[in-house]
Each structure stands twice: as structure tokens, then as C-alpha cells.
Amino acid sequence: MASLNEKWEAFVKFKSIVVDRERDVVRVTEELYDLHKGRKQLRGVTSSCDYRLTIPFAPHLFGSGKTTFARTYLELVQRFGETSLSTFASDPLKRTFLEKLKRASLLYADLKELEPTVPIELPALKLARKFCEKKEAFEMVDMEPSNLVPLLRDILRIPSDQYLLLAFDEVGVFDTQATFFELEKNDKGVVRPYNDFFGIISQLCKEPDLFFIVVGKSKGLSIKNDVAFGLSRVILHFISLSPLDASSIVEFLEKTLLETPTQVPVCNVLCSSSFSVNELADSLLECTGGVPGLLTRAVNMLLNYIIARNQPFISKEECLTCMNDYDFRRICAEPFVERILNLDEDRKSVFDLLLMMALYRIPFKVDDILSSESYLFDAVTEMGLYRYPIDQNTFQILIPKVFVGIFKNDPSISSLEKILLESLDVEPVDCFFYSKCRVFEGIVALRLVLMLSSKNRNELRELLCQLSPIWKQMKLPISTISPIHYMKSVVSSRETKSESNKSRRTFANTEWNKIIRETLYLETIYIPLDATSHSPDIIFKLQSPVEPKVLTVGVACKRRWKSEGIGWSDIIDEAKKFLDPVYDQVLSSAMDYHHCMLIIVSTKLSLNVSNELGSQSRCYSSGMFIGNDSFKVPDNCELVILCERDVQMLIDEEILNGLERAFHVSHNPTFWDFGLDLLDRIRNSFLSWQ
């Protein structure tokens with residue numbers, strides 16, 4: 001029998017194709033056209049000063065498809081010429097440029113293959129030698145940038161009027177002194193041949209019919225700033241290289257052919273009649289996050305497994321079981337996670353912060369500063385994580401699931417980081433927080449996880465014991481620290497469409513029997529997948545250690561942004577949508593050991609509610625009336641309303657104020673809107689209950 005490593009070996013069984021790069025091709029083509037149009041200005045032929053030199057730049061990120069894009073850009077221009085680029089080409093001048101670009105020659109240089117040079121040698125000389133085998137020709141010329149291009153054209157027989165695209169890869173990757181691109185000398189006394197790299201590029205861009213794409217380190221750089229080279233001489237346009245979505249993965253699976261005489265599409269090998277290519281794409285998206293390098297490696301591993309056993313997958317569950325196998329994840333992620341496992345302490349200290357941003361879907365801008373010496377953009381890159389572009393300047397952190405197992409087994413990972421990683425791991429990648437309220441709920445949910453599992457004295461847990469006799473009988477702390485799960489319905493009552501066109505199931509108030517009996521496991525915190533009118537915001541279950549008593553707890557965080565505070569009508573609405581159906585469908589026919597509790601968490605209560613509570617949290621037990629006798633608490637149920645002071649045990653006032661400020665700015669506030677201090681405070685609130 002084959003070993004585990006042989007079972008999941010990532011043999012190369014196909015040549016992958018490039019998909020889903022239309023937006024990047026259009027943007028890069030626009031930048032190249034702007035250079036073409038502004039070249040006279042660069043050469044000083046015209047007095048116009050409205051153009052600043054802009055270079056398409058793909059940040060160094062392992063597996064993102066940067067090298068593939070640089071090498072295949074001209075092929076993609078041919079492919080998208082009549083589709084994605086048709087709007088661009090509607091202008092006659094742009095169409096002329098595009099037609100000529102389709103016939104351009106590409107010269108690709110991987111700078112890591114260049115040998116070091118002594119500091120006195122001009123970098124341009126080595127760059128030129130990368131492209132030409134006739135090195136003796138260089139000894140007879142003055143290797144200034146203006147001489148380099150004609151020499152290249154002459155030796156490589158490229159006509160002087162044909163466009164020439166130079167693609168430089170791995171720029172700055174061997175920078176050992178952290179001086180970015182303008183290297184002078186490394187610790188061995190030699191320099192790489194790209195010191196003052198953008199200085200060379202800026203001079204070469206004056207040459208006619210010459211264009212550039214650069215792939216390299218992004219540290220210290222950001223979109224459209226003056227850091228790239230000197231005083232506003234070069235702007236870098238960052239090529240986004242988005243992870244693939246489900247539809248693009250389908251295209252990849254259908255068009256990628258096995259390297260065999262029959263050239264069968266890989267989806268035909270992996271999928272049976274009962275397992276569609278769309279389901280396979282969803283599974284791969286969930287596992288790899290759509291990162292091209294990870295996707296290619298995962299498909300190769302699945303092909304090796306399927307071909308060896310000579311039977312395709314029969315269901316999505318079977319496919320996901322394979323990809324959730326620890327050895328599959330370890331082997332798939334191995335080449336990608338080396339960076340984060342070897343980080344210095346300064347970088348490791350922000351890992352939990354980045355995990356929070358990934359879990360709560362907090363976007364960041366390309367020039368957001370993490371510290372006085374570091375961009376957040378760079379921190380994500382250096383740690384080997386991925387960015388999902390929202391727009392040209394805004395990103396979200398993406399942590400592929402195949403990384404999680406390796407991270408969790410790292411002995412330096414903290415318990416908080418482990419909870420955050422496991423919470424990211426249990427859900428599909430497109431099912432995170434969607435609204436401003438979800439960040440609040442996520443913080444409360446994670447605090448509840450820590451509150452229920454902490455072995456230390458805990459004021460909130462003690463308060464609930466004082467308020468509720470049933471709570472006091474439950475087994476706490478719980479035995480294990482559980483990640484946050486999303487709750488899905490057992491039977492679909494209605495369907496909505498997600499961004500990836502998948503059916504997403506929610507539940508109606510006629511399904512609580514099945515939800516409670518079949519979906520909610522003990523000691524697990526759930527957040528409903530979609531915000532509905534039929535559920536509280538957080539749900540979990542507890543069990544008595546000595547008696548067969550079970551307590552289902554719902555936590556409602558309703559209308560925390562309502563200026564006048566929530567009133568009795570809001571509280572009654574929450575009670576009716578949770579306590580009433582749970583009693584009718586579950587408790588009325590269950591034994592007395594099953595109980596239900598609803599906890600109202602609000603940052604601001606209305607005056608009439610506050611007056612009745614008397615600034616104290618209160619528990620309303622079975623048979624008690626609330627709201628002028630308009631609602632009676634059902635049998636075996638309890639309603640707990642936390643006063644504003646006690647709510648701060650779950651989420652303190654400074655965090656609340658910070659969230660309100662951030663969400664006042666935008667419905668989808670960024671890292672800048674939150675601010676590093678607020679995120680630090682949220683992190684510290686978690687650490688205080690570990």
C-alpha cells in the first residue's frame with residue numbers, strides 16, 4: 001500500500017491555463033497605452049506635464065499567478081482583444097495601439113537567475129546579457145540605457161518599429177539589507193544587478209515602442225506614492241491578481257487538459273455523473289481560497305489520488321473529506337507556508353490581528369500603516385497570506401483553509417490564534433460577516449467562547465449564575481475551546497443567491513425542532529449564516545454535569561446602533577421569534593430536562609426598559625410577564641436582559657465607541673476607520689479571558 005505522502009504526491013499531470021485575468025489585462029493595457037501616449041513628455045519633446053510614468057507592478061506573493069501573468073500577458077491580450085478589451089478599443093487611437101500590441105515581442109527575465117556583480121559594474125549590462133547570448137557584443141559599446149534597446153533589437157532581430165515588452169521577475173527578492181530596490185552591497189560584499197532598478201526603467205521608458213511589466217518585492221511601496229523611485233518620478237500600478245472565484249475555477253477545470261494522448265479535461269477525470277464540476281469548483285474554492293498556485297497543486301494531488309484508485313469522486317462530501325485530510329493539507333500547503341513558520345517575533349506578534357481582520361472581514365487600504373516602519377499590505381505579503389481585492393486600493397485578508405492545519409500545529413501559536421484559525425476553518429470562504437452588525441456579533445461570540453471555557457474567575461459567568469437557577473446547574477467551564485460556527489438549516493425553507501451563485505440555505509421558524517435536535521451540538525457557539533427574522537444572533541447549548549439537563553441559549557444583539565435604545569417592543573419581538581417557536585416545537589413535547597434562555601445584549605436600552613430594570617440585569621422566568629403584560633415567558637424558558645453596565649463585561653465601552661465611530665464613517669469600514677488602537681483593544685479583551 002502506498003504511503004500517505006505517495007497517496008497525496010503532487011505530480012504534475014497537466015499544464016494549467018490562465019483564467020479570470022480580464023480586469024488585470026485591461027488595467028495593464030491602459031497603463032501601457034498611457035506610457036505610449038506620454039512618451040514625448042518623458043523625452044522632453046513636449047512641454048506638457050500631465051503624465052507621470054506608471055509601471056505595471058505585480059507584488060511578490062507565492063502562488064498568486066504573478067509570473068504566469070507576466071509571461072502570458074500578450075497571449076491574454078490576444079484572447080481578450082474582442083471581449084474585455086473591446087471597450088478600450090472603441091477609441092480609434094487605442095485600437096491602433098492594441099493591434100500593434102498584439103504583434104509585440106516579449107522578453108522575460110528572471111532576475112534570481114542572474115549572478116551577482118561587483119558594485120562598479122553597471123546593472124544595465126547584466127540586464128542586457130540576460131536577453132542575449134552574444135555577450136562579446138557588449139564589450140564594444142557604452143552600456144547606457146539609450147544604447148541597450150537598439151542593441152537588443154539588433155541581436156534578437158526585432159524590427160525597430162515593433163513593440164517590445166520587457167517583463168522583469170523577482171526584482172528585489174534577494175535584498176538582504178532591507179534597502180528595497182536600490183541595493184548597494186549585501187553582507188557578502190556584492191550587489192545584485194538591479195540596484196537603482198527603477199532609475200534604469202525610467203530612462204528606458206523614453207525609448208520608443210518599449211514597455212515594461214515588473215514583478216518583485218512590494219516592501220516599502222504602495223500604489224501611486226513617491227516611494228517607488230525618488231521624487232515622484234515613477235508610479236507603480238499594482239496588478240491585483242485576484243484569487244479565482246467559483247465560476248473561474250469551473251472554467252479552469254473544463255479547459256485544463258490532462259497530459260496524456262487523449263488530453264481529457266481534468267474535470268472529467270475527477271467528477272462522476274453524481275458529482276458536478278460546479279460542486280468540485282466549490283470544494284476547491286473552500287479549500288484553496290481560489291489562490292492559483294494552491295489550486296493547481298490541489299488539483300494535481302486529487303488527480304494523483306483518483307488515477308491511482310481508478311474511480312472518480314461520487315459526491316462533494318467525499319471530495320471535501322479528502323481535502324480536509326491533514327496530510328493532504330500539509331503536503332498541499334508545504335511550499336507556501338514556510339514564511340510564516342519562520343517569522344521574527346515582531347511579525348508573529350500581529351498574526352492574531354490579521355486573523356481577526358480575516359474573520360471579521362475588515363478590509364484595508366493599500367497604504368494603511370501597521371507601524372512606523374511597516375505597511376499592513378507588506379505584513380500580509382511577508383507572512384505569506386493573501387489579499388482579495390475589493391477595488392484598486394482596497395483589500396481583504398484571505399487565509400486559505402489548507403494553511404490552517406499547519407498553523408494550528410505550530411507550537412508558537414497562542415490559544416486565541418487557534419480559536420480564530422479554527423473559526424476560519426469551519427466555514428466556506430464566502431460565508432463570513434456581511435454587515436456592520438456582524439463585527440459586533442463576532443466579538444461577542446468570541447468573548448462567549450472564552451467566557452464559557454475559561455478556568456479563571458469570570459464576572460459574567462458568575463452574574464448569570466446569580467440571575468438564573470438553570471444556568472447555575474450547567475457544566476462550566478466547558479471541556480474544550482470551540483471555534484465559532486455558522487448555523488445552517490437542516491431543511492431548506494427558502495433560498496437566496498450568494499455572490500458565487502450558490503444556493504444558500506436559511507431557516508424558518510417552523511424548523512426549530514430539527515435545528516435544536518440535529519444541528520446544535522453541545523459546547524459550540526453558532527452564528528446564523530444569514531441575518532433573518534427567525535433567529536437570535538448567537539446560539540449555543542450547555543449541559544448539566546450531573547443531571548440530564550440541557551440549556552439552549554440564544555443571544556440577541558439587536559439594534560445596537562439605535563440612538564434611542566431598544567424598547568420593550570424590540571425585546572418582545574426577539575422573544576417571540578425564539579422562545580415561542582422553541583417552546584411550541586421542542587419544549588412542549590420534551591422532557592423537563594430541556595430548557596431555553598434568551599439573553600438580550602444591547603449597548604443602549606430605552607428609558608422605559610432601564611426604569612423597570614433599575615440599572616440591574618434581570619432574569620424573567622417561566623410564567624412571568626414583560627412589556628405591560630404583552631408577553632408571557634413560556635414554560636422552561638428564561639429571558640435575561642443585561643443592563644448597559646453588565647454588557648461591558650462582553651464588550652467594553654471603548655470598543656463600543658470605537659465601533660460606532662467606525663461604522664458611522666462607512667457601512668463597510670476599513671482598517672483605517674477602525675484604527676490600530678481599537679483592534680489592539682479588541683485583541684486585548686480576548687486575551688484577558690484566555
Side-chain angles (χ1 to χ4, degrees), residues 7-11 13-14 16-17 19-20 63 65 242-256 258 264-309 311-334 336 358 386 388 398-406 421-432 483 485-486 488 492 495 497-505 529:
K7 173 184 176 182
W8 296 125
E9 193 66 52
F11 296 123
K13 297 185 179 295
F14 61 86
S16 60
I17 67 163
V19 297
D20 190 38
S242 306
L244 306 181
D245 61 15
S247 61
S248 296
I249 297 176
V250 169
E251 181 185 0
F252 173 86
L253 295 169
E254 291 177 339
K255 293 183 178 179
T256 299
L258 213 59
V264 180
V266 297
C267 60
N268 291 3
V269 179
L270 296 173
C271 298
S272 65
S273 58
S274 60
F275 179 47
S276 70
V277 64
N278 295 77
E279 291 177 303
L280 175 59
D282 288 342
S283 302
L284 287 164
L285 176 61
E286 186 170 332
C287 177
T288 67
V291 175
L294 273 174
L295 173 68
T296 301
R297 188 168 174 85
V299 170
N300 267 314
M301 292 172 66
L302 292 177
L303 283 170
N304 181 63
Y305 173 71
I306 289 298
I307 292 173
R309 78 171 191 173
Q311 180 183 344
F313 292 114
I314 62 173
S315 68
K316 182 176 180 179
E317 290 70 25
E318 182 191 20
C319 183
L320 282 175
T321 298
C322 283
M323 287 194 286
N324 288 332
D325 179 272
Y326 174 76
D327 287 291
F328 179 96
R329 289 187 169 194
R330 176 180 59 80
I331 295 171
C332 186
E334 214 162 27
F336 297 81
Y386 291 89
Y388 190 91
L398 171 64
I399 303 178
K401 284 192 176 185
V402 292
F403 288 5
V404 171
I406 295 180
L421 283 166
E422 289 179 337
S423 299
L424 285 165
D425 191 31
V426 295
E427 297 313 319
V429 293
D430 64 344
C431 295
F432 291 109
H485 290 250
Y486 283 83
K488 302 176 185 178
S492 178
E495 292 184 348
K497 293 293 183 180
S498 72
E499 294 174 3
S500 60
N501 294 322
K502 293 188 299 182
S503 293
R504 181 177 294 156
R505 301 193 302 174
L529 181 64

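Only this structure's heavy atoms are used, side chains among them; waters, hydrogens and symmetry mates stay out. Small disclaimer: the values here were computed from a predicted structure and weren't measured.
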Gap separating the CD1 atom of Ile406 from the CZ atom of Phe336, nearest 0.5 angstrom: 10.5 Å

Interatomic spacing from CG in Leu284 to CD in Glu279 - rounded to 0.5 Å: 12.0 Å

For Val277 against Glu254, the heavy-atom pair lying closest together: CG1-OE2, 3.8 Å

Ser283 side chain to Leu320 backbone, donor-acceptor under 3.5 Å: no

Inter- and intrachain pairs under ring pair (Phe, Tyr, Trp, His ring centres under 6.0 Å), touching residues 273-303, at least two apart: none

Beyond-backbone contact of Leu398 with Val291, side-chain heavy atoms, under 4.5 angstrom: yes

Qualifying residues under side chain to side chain donor-acceptor pair (under 3.5 Å), relative to Ser315, sequence neighbours excluded: none

Least distance between heavy atoms, Pro312 atom then Leu270 atom: CB-O, 3.6 Å

Aromatic plane relationship, Phe252 with Phe14 - under 30° parallel, 30 to 60° tilted, over 60° perpendicular: perpendicular

Counterpart residues, side chain to side chain donor-acceptor pair (under 3.5 Å), relative to Glu317 (two or more places apart): none

Distance in Å, Asp327 CG paired with Met301 CE, rounded so as to fall on 0.5 Å steps: 9.0 Å

Under 3.5 Å donor-acceptor, Arg297 side chain and Ile331 backbone: yes

Nearest heavy atoms of Phe403 and Ala333, plus distance in Å: CD1-CB, 3.7 Å

Exercise: identify the closest heavy-atom pair between Leu302 and Cys319: CD1-SG, 4.4 Å

Side chain to side chain contact (heavy atoms under 4.5 Å, CB included) between Glu251 and Leu244, intermediate numbers included: CA-CA 10 Å; Glu251 181 185 0; Leu244 306 181; over 6 Å; no

Atom pair CG/SG of Asn324 and Cys287 - distance to nearest 0.5 Å: 7.0 Å

Distance (rounded to the nearest 0.5 Å) between Asn278 CG and Ile249 CD1: 11.0 Å

Shortest non-hydrogen separation from Ala358 to Ile399 and the atoms involved: CB-CD1, 4.0 Å

Considering all heavy atoms, the nearest Ser423-Pro483 contact: N-CB, 3.5 Å

From Lys401 atom NZ to Leu421 atom CG, the distance as rounded to the nearest 0.5 Å: 12.5 Å

Heavy-atom check, side chain of Leu285 versus side chain of Asp245, under 4.5 Å: no

